[in-house]
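In what follows, a single structure is set out as structure tokens and then discussed.
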Amino acid sequence: MDKKSIEHVAMLARLRLSDGEIESLESELNRILGYAEQLSELETDLVEPLAHPSDLTNALRDDLTRPSVPREEIQSNSPKSDGEFYLVPAVLGNANELKK
Amino acid sequence: MLNQLSAFELIEGIGDKKFSSVEVAEAFVEQVEKRDADVNAFLRFDPSYVLDQAKAFDQKHSSNTAFGSLSGIPVAVKDVICVKGQVTSCASKMLEHFVSPYDATLIEKIKRADGILLGTTNMDEFAMGSSNENSAFSRTKNPWDTDRVPGGSSGGAAACVAAGMAPLSLGSDTGGSVRQPAAFCGVTGLKPTYGRISRYGLVAFASSLDQIGILAGDARDVALLLNESTGHDPKDSTSSPTDPADYMATLHGDVSGLKIGIPKEYLGEGLDPEIAESVRQARQTLEEMGVEFTEISLPMTSYGVATYYLVASCEASGNLARYDGAHYGFRTEKNVDAAENRLLEMYRQTRSEGFGAEVKRRIMLGTYALSSGYYDAYYLKALKTRRLIQDELNAAFKQVDLILGPTTPTPAFKLGEKKKDPLSMYLGDIYTVVANLAGIPAISFPSGFTQSGLPIGLQLQGPSFSEELILRTTCSFQKNTDWHTKKPAMVTGAAK
Amino acid sequence: MSDPAFELIVGLEVHVQLQTQSKLFCGCSTKFGSEPNTQTCPLCTGMPGTLPVLNREALMLSIKTGIALNCEIARFSKWDRKNYFYPDLPKGYQISQFDLPICGPGYLEISDPKGEFKTKKIRLIRAHLEEDAGKSVHDEVSGSADTKIDLNRTGTPLLEIVSEPDIRSPQEAKAYLTELKLLLGYLNVSDCNMQEGSLRVDANVNLHIESNGEKIATPIVEVKNLNSFRAVERALQYESERQFSNWKSDGFTIDDRPKQTVGWNDSEQKTIPQREKEESADYRYFPDPDLVPVVIDGTTIDTIKDTMAELPSAIRNRLESEYQILPYDSDVMVNQGREFVEYFEAVAKESSEGKVASNWMQQNVLQIMKDREMGIEAFPIASHRLANLIKKLTAGELDNSRAKDVFQVLLEKDLDPAVVMKELGIEAVDDSALESICEELLAMNPQVVEDFQAGKKQAIGSLIGQAKKKNPNANPGKVRELLIAIIEKKL
Ligand SMILES: [Mg+2]
Ligand SMILES: [Zn+2]
């Protein structure tokens, strides 16, 4: 991983990294990835990937509603709301631009 | 001193009305007030909250109302398990003020069993770490030596038991987070089979590896709390429908004729010689009880750490995407109005300020390993290796009933010792991560001390749903040894 | 030099909200139109520690749709996380299906009763189940205020049906969507209300151009925000022209440019490029470890098949053969939905007059439904009453225009047609009475007789009107018959 790919991944992960962070991540992540390289020794072409340790299937629930949580209560943890909606900074710069 | 009794003894005493729940609570409150300034096991501890619950229990008890089997004894809760109306912060600035609107299934069960919630224990942020140094709020110290770490991520959970501040403690174990601190702090810690305890309300780090675990003074206390913790939960799709056993009922059964394997890879390079010696001694003790030992080989062991860190980080990168400042939790106070894309800037600032260095590191690693062009080489490769690891363990359990080995390659290290070198910290998880990758149960129990007086823990692993056998074996060992009864000076009051 | 020939190539992605009571992974209601953020819980707001549990009904509706769309139903299906940040997606990922969707390849047959294109099969690539996102309300005025987020819709089950690029014209696209919507309605899988967003369409569009004996493909454009079938047709027409003229000026082909996303602006009737994302989409799909796979066995599929009602294409064929009606007629009626067909069949069976019943349904019944903006379920005349009316009509007890009079009364009064006929004084006129009226009229109008004999057959029409004035119950057909017979007898 070089600086550029660290910046790209930081964007994918929505992190804003300082120059110092990028620098230390570069060496740390490369060390970790280098260590992980040992997995390439293993012949795994015919191995079925294991995403989950249990072999359960079909955990289903009936289509029943239960009361939702009152808005006031669910929004009590919200950093910004107007009593009705959650409020976030405008999605893409100037919203009017989109309408043109 | 009531805080030096086991949970089992406390329940007996309350049952026989030798003392009340309030008296028990007071003993632990007193110890916390006296010692936690040095240990920092708790992030949040409110004596009146504890005493109120104890009073309510005593009232119930004295009016002869039926009560649950936890009989008004306290349980400490790791800051990663949601309690309704309480802050559940995962030791992260991101959730510093997050009040959970609901109870985890396990918390509901404990309340129903008349357990008392003691306080919230410190941990590595979002359960990522092996030293508790990644907490955003405080450094938990090892009660045996406050210059050393308690282990992690359930460091507070282990330290509070070791320091006589809680008889029972809930932790979570994604790659050893219950067992490693149990070993470092000289307590008994169980990570059950994946799916044995509901994960509903356990804040996810890596969903396919996470499992709530129990820390206590001995195997009997672990069994006691496990009995109240299991059962299928329809709210957790991955919760096992397999009927749980009565772990207390079978605890005292015979272990003679049991076959235990010791993998030769577990005793190899990097293992502290004093811990290696402790494995040999434990083997001898168990042999005297009729256990047969075989040397086995688990060559996949050395791939565990790499596999684990890839799988866990990939899942974490997804699980932690929800912390973005939009709907709950921390949001940056920085003004983002000047940014070309204000939402994007809010996200990036919030996540950069809200997460600590280790969390960011793992999010970066996981995001990279899942990203286009690298998925096959890292994530998929890790899943395939995970299969090989599980296959190898399954094969081993055809040969032996349980696997014995060290929990950690070294005893508790010094605060700050590994902070600068993440990889060396990760390598300390070599013995614990395989149980999470394979989903099997494993326990760490005290097996001795180093010459410098630090606790040593050994690990027993068994096939899926063999908790009963693991606890029975540990209990037998503990009947024939007294390592688990040793307490640090801050509990006994002896001079250091 | 004339322009080279080109062909429009379209694949459609249709998101359908499934008609369940509760959301896909939690028990919150899916009801539309509630106050913002009143239908949420810790799970669908993505709070820490919550875990999804799959709604059985959503799974069953997906399988049902898959069967109706001739899809292979997966025996083993799983859940994946599609990772991206957006404030209407509180978890930072959407639970969807990546490589093992519930429904594999299938097809939907479309035809055009007007014959503008041939009946054809539109192949389907897949249909997968996923959770819907919430709604963002952008500030339209200042553009600088916060965006408002409503999470009521978050977690509603969506079935995404993806077609192969088999569609070749805006008309075919419309026919495909119409047929799909009809089918989903017949299956009771979705209300398909486009205004409420229960059916949403994205189109992937490009052109194949025949140039110098070579086939050139233009860059693919994904058109979003298609809020009506009309918008789909227009957007495809617009893109077809735009892409052709672009190609003529810049010559870019599919290899030169990545897929571009555009939005359809309905007021300006054009597509508008959506602002480039910050980075190219990399959704980092991976299996969702909070959910377990779904295993669907043959018995489940058979049980669903057994309980499935007859589908539109089968009903069309059956109506044609059972009631001897034309494909056009069966198409019109089937397109009105299941209840309409059921009503028709009740009338047709009771009256034993399929063809006449079909005409009445399409002319009179549909007209009233349209005028009064009502569905068949609210239509005021019970099917057996309409059947009785048709019986009277075909038995010659009333003529068409009197039948319409009766029909008008039936719309207002819950009475039997016979009673209404009596009220209106409609009764059969006996043949001798009618004959004497005709004799009388012919005697009074020698000019008409003369004209008729001279070959002006239509001259007789004026007498029919006069006969009706003398006796309102006179059947015009019968009067005509009699007039002609009398004139011819005189010859
Ligand atoms: Mg989709
Ligand atoms: Zn919900």
Side-chain angles (χ1 to χ4, degrees), chain B residues 80-82 88 90 94-95 98 100-102 104-105 126 198-204 206-210 233-239 311 314-315 317-329 337 341-344 346-348 351 366-373 375 379-380 383, chain C residues 25-27 37 40-54 79-95 98 134 136 138 143-151 154 275-294:
Chain B
V80 71
I81 299 170
C82 291
T88 301
C90 301
M94 195 60 99
L95 293 175
F98 176 77
S100 174
Y102 71 99
T105 297
F126 283 105
S198 168
R199 289 190 298 120
Y200 186 78
L202 167 69
V203 181
S207 312
S208 81
L209 302 159
D210 294 342
D233 181 9
K235 288 183 193 158
D236 174 0
S237 304
T238 64
S239 157
V311 172
C314 288
E315 291 186 18
S317 75
N319 281 331
L320 272 64
R322 68 190 66 206
Y323 309 112
D324 60 9
H327 309 101
Y328 56 80
D337 284 354
N341 186 334
R342 280 173 285 152
L343 178 71
L344 180 67
M346 187 280 276
Y347 280 159
R348 297 188 75 179
R351 290 168 62 78
T367 306
Y368 179 68
L370 284 172
S371 68
S372 144
Y375 181 94
Y379 179 67
L380 195 63
L383 292 191
Chain C
F25 297 115
C26 69
N37 294 304
T40 70
C41 69
L43 182 116
C44 56
T45 54
M47 286 203 179
T50 56
L51 294 171
V53 183
L54 180 64
W79 305 95
D80 300 280
R81 293 181 180 179
K82 180 180 181 179
N83 298 285
Y84 66 93
F85 288 87
Y86 206 78
D88 63 12
L89 187 71
K91 295 189 302 302
Y93 58 84
Q94 179 193 30
I95 304 177
F98 182 57
S136 310
H138 304 285
S144 60
D146 287 333
T147 295
K148 296 173 171 184
I149 308 293
D150 173 11
L151 298 180
T154 309
R275 201 157 125 163
E276 295 293 328
K277 290 194 182 154
E278 296 296 324
E279 82 280 354
S280 59
D282 183 350
Y283 293 123
R284 291 159 282 134
Y285 279 98
F286 74 97
D288 190 329
D290 286 332
L291 287 158
V292 298
V294 172

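So you know, we letter chains A, B, ... as the sequences are listed, proteins then strands, and number each from 1.
For Ser100(B), no part sits under 4.5 Å from any heavy atom of chain C, backbone or side chain. Contact of Tyr93(C) with chain B is made through the side chain alone, with heavy-atom distances under 4.5 Å. The part of Tyr285(C) that comes within reach of chain B is its backbone (N, CA, C, O), which places non-hydrogen atoms under 4.5 angstrom from that chain. In this structure, chain C has heavy atoms under 4.5 Å from both the backbone and the side chain of Asp236(B). Of the atoms belonging to Thr45(C), it is backbone heavy atoms, and not side-chain ones, that fall under 4.5 Å from chain B. Contact annotation for Leu43(C): neither backbone nor side-chain heavy atoms come within less than 4.5 Å of a heavy atom of chain B. For Pro90(C), the parts lying under 4.5 angstrom from a heavy atom of chain B are both the backbone and the side chain.
Each of Cys26(C), Pro52(C), Pro42(C), Gly46(C) has some count of heavy-atom pairs under 4.5 Å with chain B, and the biggest count is that of Gly46(C).
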For this session: Starting from the C-alpha separation in whole Å, work towards a yes-or-no answer on side chain to side chain contact (heavy atoms under 4.5 Å, CB included) for Arg322(B) and Thr50(C).
Result: CA-CA 12 Å; Arg322(B) 68 190 66 206; Thr50(C) 56; 4.1 Å; yes
For this session: In sequence, state the C-alpha distance, the side-chain angles, and the governing distance for Ser207(B) and Asp290(C), and then conclude on side-chain hydrogen bond (donor to acceptor under 3.5 Å, both in side chains).
Result: CA-CA 6 Å; Ser207(B) 312; Asp290(C) 286 332; 3.1 Å; yes
Problem set entry | Residues Asn37(C), His327(B); criterion side chain to side chain contact (heavy atoms under 4.5 Å, CB included); working and verdict | CA-CA 11 Å; Asn37(C) 294 304; His327(B) 309 101; over 6 Å; no
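The residue from Ser237(B), Pro234(B), Ser239(B) that alone fulfils the side-chain contact (heavy atoms from CB on, under 4.5 Å) condition with Val53(C) is Ser237(B).
One distance of note links CE of Met47(C) with OG1 of Thr88(B); it measures 11.0 Å at 0.5 Å rounding. Distance check, rounded to the nearest 0.5 Å: CG of Leu51(C) to CG of Asp233(B) gives 8.5 Å. Tyr86(C) OH to Leu343(B) CG: the interatomic distance, rounded to the nearest 0.5 Å, is 7.5 Å.
Asp282(C) contributes no side-chain N or O that, together with a main-chain N or O of Ser371(B), makes up a donor-acceptor pair within less than 3.5 Å.
The ring-ring contact (aromatic ring centres under 6.0 Å, His included) check on Phe286(C) picks up Tyr379(B), with sequence neighbours excluded.
A pairwise comparison of heavy atoms in Tyr102(B) and Pro48(C) identifies OH-O, 2.7 Å as the closest pair.
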